[in-house]
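The residues of the chain are indexed from 1 along the displayed sequence. In this text, all values refer to a predicted model and were calculated from it rather than measured experimentally. Side-chain atoms are counted along with the backbone in the values below, which use heavy atoms only and exclude waters and symmetry mates.
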Amino acid sequence: MVYIYRINLSAHDSNPEIKRQMRQENFDLLDQKSWLVSDKTLGRSWLNPENIEVLDGILKIRMPSNTLEGGEIVNREAVTYGSYASRMKLPEAPSSITGFFLYAPPDYFYEIDIEIHNTKEGKLLLTTYANGEVQNEYVGKLGFDPTSDFHTYRFDYAADRVAFYVDNKFILEWQDGFPAEYPMQLMVNSWYPNWLEGTPTTEDQFLLVDWVQY
């Protein structure tokens, strides 16, 4: 079920272009009017629709044992400026990543990414793409184990900046090098990219998503 409310801005959120109504998807069910389930190949992974389940108010994206499968949901609505957040507990599946991001084809032209390695070390990747290539990139550490508990990952997208937060802690912002009000779709996925080793897990692992705000 989707709830609509007015965003509460922090000290870093003074830009009036992100002061708008937001929706919170609490995953009481997988609302097919709002969300698509991907069925495609991405990197080393088949994003298998059978790996997507909603149970007890949690979206579960399964990383099946002894395979390189993953899963992805895509919001049907094309969006631009706004604040985007998700509360997630990551799978423990080394050589895979979890993504929470805005995207529109073709690749590398329109994208704003939060990506986290699915390991206890908590490697964080922040990236923006425009004009056919990477424009901004940050690699850092979360400072906690993202596979052990739920944490909130967020980015605010406006005409003059993109700002990133983890558990409401400001990480960084960029003031250029991102799409300019280009409609993109919000996506959540967990998968095995070609640039990591591609080692499957020996037991099923799950990306657990408590809610998404957008």
Side-chain angles (χ1 to χ4, degrees), residues 25-32 34-76 84-108 111-127 129 134 137 139-142 144-153 166 184-212:
E25 175 62 75
N26 288 315
F27 296 111
D28 302 317
L29 50 79
L30 188 61
D31 183 357
Q32 295 184 6
S34 297
W35 299 96
L36 294 166
V37 175
S38 295
D39 183 357
K40 66 181 183 182
T41 298
L42 180 64
R44 300 176 187 271
S45 291
W46 172 30
L47 303 179
N48 184 347
E50 294 185 1
N51 293 330
I52 303 296
E53 179 184 18
V54 169
L55 184 65
D56 298 329
I58 298 291
L59 170 69
K60 301 176 70 174
I61 298 181
R62 182 165 62 108
M63 312 284 284
S65 63
N66 303 310
T67 78
L68 296 179
E69 289 184 11
E72 177 179 80
I73 64 167
V74 181
N75 194 265
R76 290 179 182 271
Y84 303 87
S86 183
R87 185 164 176 79
M88 304 185 291
K89 181 177 182 289
L90 273 57
E92 187 178 353
S95 78
S96 71
I97 61 173
T98 286
F100 177 68
F101 58 104
L102 290 177
Y103 171 83
D107 285 351
Y108 308 115
E111 196 163 352
I112 300 172
D113 284 344
I114 295 177
E115 294 177 324
I116 311 112
H117 284 235
N118 293 328
T119 64
K120 293 180 176 294
E121 288 75 20
K123 186 176 182 180
L124 174 67
L125 310 175
L126 307 175
T127 316
Y129 297 81
V134 173
E137 187 172 27
V139 179
K141 292 284 189 179
L142 291 169
F144 56 79
D145 174 4
T147 71
S148 66
D149 204 351
F150 286 88
H151 295 272
T152 301
Y153 306 89
V166 176
M184 295 178 280
Q185 288 177 287
L186 183 63
M187 302 187 180
V188 183
N189 62 20
S190 217
W191 59 290
Y192 292 86
N194 289 324
W195 43 269
L196 291 175
E197 293 82 359
T199 304
T201 64
T202 57
E203 297 181 354
D204 286 2
Q205 295 289 324
F206 294 87
L207 169 63
L208 304 180
V209 183
D210 186 12
W211 49 257
V212 171

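- The two atoms that bring P91 and S190 nearest to each other are CG-OG, 3.7 Å, heavy atoms only.
- Using modelled atom types, one side-chain atom of N75 and one backbone atom of S34 make a donor-acceptor pair closer than 3.5 Å.
- A 6.0 Å sphere centred on CD of E53 holds more than 12 heavy atoms belonging to other residues, nucleotides or ligands.
- For the pair V54 and L29, the tightest heavy-atom approach, listed with the atom from each and the gap, is CG1-CA, 3.8 Å.
- Screening residues 91-108 for salt bridge (Lys or Arg N to Asp or Glu O under 4.0 Å), with sequence neighbours left out, gives E92-K120.
- Interatomic distance, CZ of R62 versus CG of L207, reported as 13.5 Å (0.5 Å rounding).
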**Report entry** Derivation of the side-chain contact (heavy atoms from CB on, under 4.5 Å) call for W211 and T152
**Finding:** CA-CA 9 Å; W211 49 257; T152 301; 3.8 Å; yes
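- Two residues are said to be in side-chain contact when any heavy atoms from C-beta on lie closer than 4.5 Å; N48 and T67 fail this criterion.
- Of all heavy-atom pairs between P200 and Y192, the closest is CA-OH, 3.9 Å.
- A search for salt bridge (charged side-chain N to carboxylate O under 4.0 Å, His left out) contacts involving R44 returns nothing, not counting sequence neighbours.
- Contact of the L124 side chain with the V139 side chain is not registered, since no non-hydrogen atoms from C-beta on lie closer than 4.5 Å.
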Report task. Assess whether side-chain contact (heavy atoms from CB on, under 4.5 Å) is satisfied between W191 and I97, documenting all intermediate values. Result -> CA-CA 6 Å; W191 59 290; I97 61 173; 3.7 Å; yes
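- Every residue was checked against the salt bridge (charged side-chain N to carboxylate O under 4.0 Å, His left out) condition with K123, not counting sequence neighbours, and none meets it.
- Considering all non-hydrogen atoms of both residues, T202 and N66 come closest at CA-OD1, 4.2 Å.
- The two residues S86 and V209 have their closest heavy-atom pair at OG-CG1, 3.5 Å.
- In N194, the CG atom is crowded: over 12 heavy atoms of neighbouring residues, nucleotides or ligands sit closer than 6.0 Å.
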Report task. Apply side-chain contact (heavy atoms from CB on, under 4.5 Å) to F100 and V212, showing your working. Result -> CA-CA 10 Å; F100 177 68; V212 171; 4.0 Å; yes
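- Atom NE2 of H151 and atom CG of D210 lie 12.5 Å apart (nearest 0.5 Å).
- Of the residues N189, N118, T201, the one that meets the side chain to side chain donor-acceptor pair (under 3.5 Å) test with S96 is N118.
- Inter-residue side-chain proximity for H117 and L196 is flagged as met; some heavy-atom pair is nearer than 4.5 Å.
- The closest side-chain heavy-atom distance from Y103 to D113 is not below 4.5 Å.
- The CG atom of D204 lies 8.5 Å from the CG atom of N51; values are rounded to the nearest 0.5 Å.
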Query raised in the report: Does the side-chain contact (heavy atoms from CB on, under 4.5 Å) test come out yes or no for I73 and F27, once each step is laid out?
Result: CA-CA 12 Å; I73 64 167; F27 296 111; 4.0 Å; yes
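- Here the shortest heavy-atom pairing between P146 and G122 reads CD-CA, 3.6 Å.
- Rounding to the nearest 0.5 Å places NZ of K60 at 4.5 Å from CZ of F206.
- Under the salt bridge (charged side-chain N to carboxylate O under 4.0 Å, His left out) criterion, K40 pairs with E72, sequence neighbours left out.
- Side-chain N or O atoms of R76 include one that pairs as donor or acceptor with a backbone N or O of Q32 at under 3.5 Å.
- Here the side chain of T127 pairs no donor or acceptor atom with the backbone of E137 at under 3.5 angstrom.
- Y153 and F144 have tilted rings, their planes meeting at an angle from 30° to 60° on a 0 to 90° scale.
- The salt bridge (Lys or Arg N to Asp or Glu O under 4.0 Å) pairs that include a residue from residues 185-198 number zero, where partners must be two or more places apart or lie in different chains.
- Residue I58 holds its CD1 atom at 9.5 Å from CG of N26, rounded to the nearest 0.5 Å.
- Counting heavy atoms from C-beta outward, L125 and I116 have side chains that stay 4.5 Å or more apart.
- Residues passing the salt bridge (charged side-chain N to carboxylate O under 4.0 Å, His left out) test with D39: none are found, sequence neighbours excluded.
- Within the 4.5 Å cutoff, side-chain heavy atoms of V37 are placed close to those of L30.
- Using a 4.5 Å cut-off on side-chain heavy atoms (C-beta onward), V74 and L186 make no contact.
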